[in-house]
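Every chain is numbered from 1 and lettered A, B, ... according to where its sequence line falls, protein lines coming before strand lines.
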Protein chains: 2
Amino acid sequence: MSTRPYAQALKMIQDAGLRPTRQRLLLSKLLFERGEDWHVTAEALHEDVLKNGAKVSLATVYNTLHQFTDVGLLRQIVIGSGKTYFDTNTDDHHHFYDADEEQLQDIPQDSIILSGLPEAPDGSKIGRVDVIIQLEKD
Amino acid sequence: MSTRPYAQALKMIQDAGLRPTRQRLLLSKLLFERGEDWHVTAEALHEDVLKNGAKVSLATVYNTLHQFTDVGLLRQIVIGSGKTYFDTNTDDHHHFYDADEEQLQDIPQDSIILSGLPEAPDGSKIGRVDVIIQLEKD
DNA sequence: ATAGCTGCAAATGCTTTGCAAGGCC
DNA sequence: GGCCTTGCAAAGCATTTGCAGCTAT
């Protein structure tokens, strides 16, 4: 699968008891209407808002991205320089990371990578598994 | 394999043209003489210095950790809250991450995890592969 | 009406940097 | 002596927070 359709995103927002405010509607539109997987930082999304002639404060972008993550619309990934990316694709999948470009890229879903998992240490269980393949120039 | 022996670490420092200063000697001692894999933050290493009754500025700890990383003595890992960890084990291996404790843990080397890798996108090749398994409470 | 949101600016936390003083060869 | 290092304090960057004013229901 890939990015969730916009309509479904709206429903998830409301079901979670979040009010459909101007800001949240705009942000979900930008995030989910382009219909492709997107690895976006708060900064980048904020710029996208401005580029569309709208205005949402950066703090609200951050807060909203986290709320959307809590609700299951986004997935959060921390890498490289310590920047936080939000992935519009919440399915189990892994990433290429291009350190030069500071860009994330989905690994095609049919590339089989994981063959087995180790046992979790005592008292814990395995949650999410992140595989990040760093890319270098040829 | 595991953590590099102290003597070998000293040699690597000198071979790289780094002067064996008081600070660098102390830090390499703390890092490599305990003889076990360690996932340490600059802050934690700095505290360890103080606990030993010595003094090295935090800035120098940061700088030194990066120099050691450049020289191949350490491996850098960024996770969770965006904190930077330095791993005394530079071999290919992967990690459990306990978000509650903010602790990294090596995955036992005999746990086979990766079975195949996808092709790198055009113009790039695969560098390092990081697998991070998030742990949750039972 | 009122509980929830937003925006601003200030605060935070981690890390890096500029520069003067000190140490190694 | 000359270059590398260090330490301090200041700056930097990404992100979070406090709070007064606004908005959806």
*Take the angle between the ring planes of A:Y85 and A:Y97 and call it parallel below 30°, perpendicular above 60°, tilted in between.*
perpendicular

*asked:* Return a single string for nucleotides 16-25 of chain C, one symbol per nucleotide in 5' to 3' order, where B is base contact, S is sugar-phosphate-only contact and - is none, cutoff 4.0 angstrom on heavy atoms.
replied: BB-----BBS

*Give me the ring orientation class for B:F86 and B:H66: parallel if the planes are under 30° apart, tilted from 30 to 60°, perpendicular past 60°.*
perpendicular

*Would you say the side chains of B:Q14 and B:R19 form a donor-acceptor pair under 3.5 Å?*
no

_Quick check: on DNA chain C, is the nucleotide nearest A:S57 upstream (toward 5') of the one nearest B:T41, or the reverse? Name the residue that is more 5'._
A:S57

*Can you check the A:L10 CG to D:dA24 P distance for me, whole Å?*
15 Å

*Could you state the atom-to-atom distance from NE2 of B:H46 to C1' of C:dG13 in whole Å?*
16 Å

_Ion pair B:R75/B:D130, N-O distance below 4.0 Å_ = yes

_Rounded distance in Å - CG (B:D70) to P (D:dC4)_ = 16 Å

*asked:* Checking A:D37 against A:T3: is there a side-chain donor and acceptor pair closer than 3.5 Å?
replied: yes

*Whole angstrom is fine here: how far is it from CG in A:L26 over to C1' in D:dA24?*
17 Å

_Euclidean distance, atom CD of residue A:E102 to atom C1' of D:dA14 [Å, nearest integer]_ = 12 Å

_Would you say that more than 12 heavy atoms from the other residues, nucleotides or ligands in this model lie under 6.0 Å from the NZ of B:K55, or not?_
no

_A:H93: which residues meet the ring pair (Phe, Tyr, Trp, His ring centres under 6.0 Å) condition with it, sequence neighbours left out?_
A:H95

_As an exercise, state the distance from NE2 of A:H46 to CG of A:L27, rounded to the nearest 0.5 Å._
9.0 Å

*What's the NZ-C1' distance between A:K55 and C:dG7, to the nearest Å?*
8 Å

*Choosing from D:dG7, C:dT6, D:dC4, which nucleotide comes nearest the side chain of A:Q23?*
C:dT6

*Mind checking whether A:S57 and A:Y62 have side chains closer than 4.5 Å, heavy atoms only?*
no

*asked:* Can you measure A:E47 atom CD to D:dA14 atom C1' for me and round it to whole angstrom units?
replied: 14 Å

*According to a strict under-4.0 Å criterion, is B:T60 in side-chain N/O contact with OP1 or OP2 of D:dT6?*
no

*Counting only non-hydrogen atoms, which of residues 78-85 of chain B are less than 4.0 Å from DNA chain C?*
B:K83, B:T84

*For B:Q67 and D:dC4, give me the distance from atom CD to atom C1', rounded to whole Å.*
10 Å

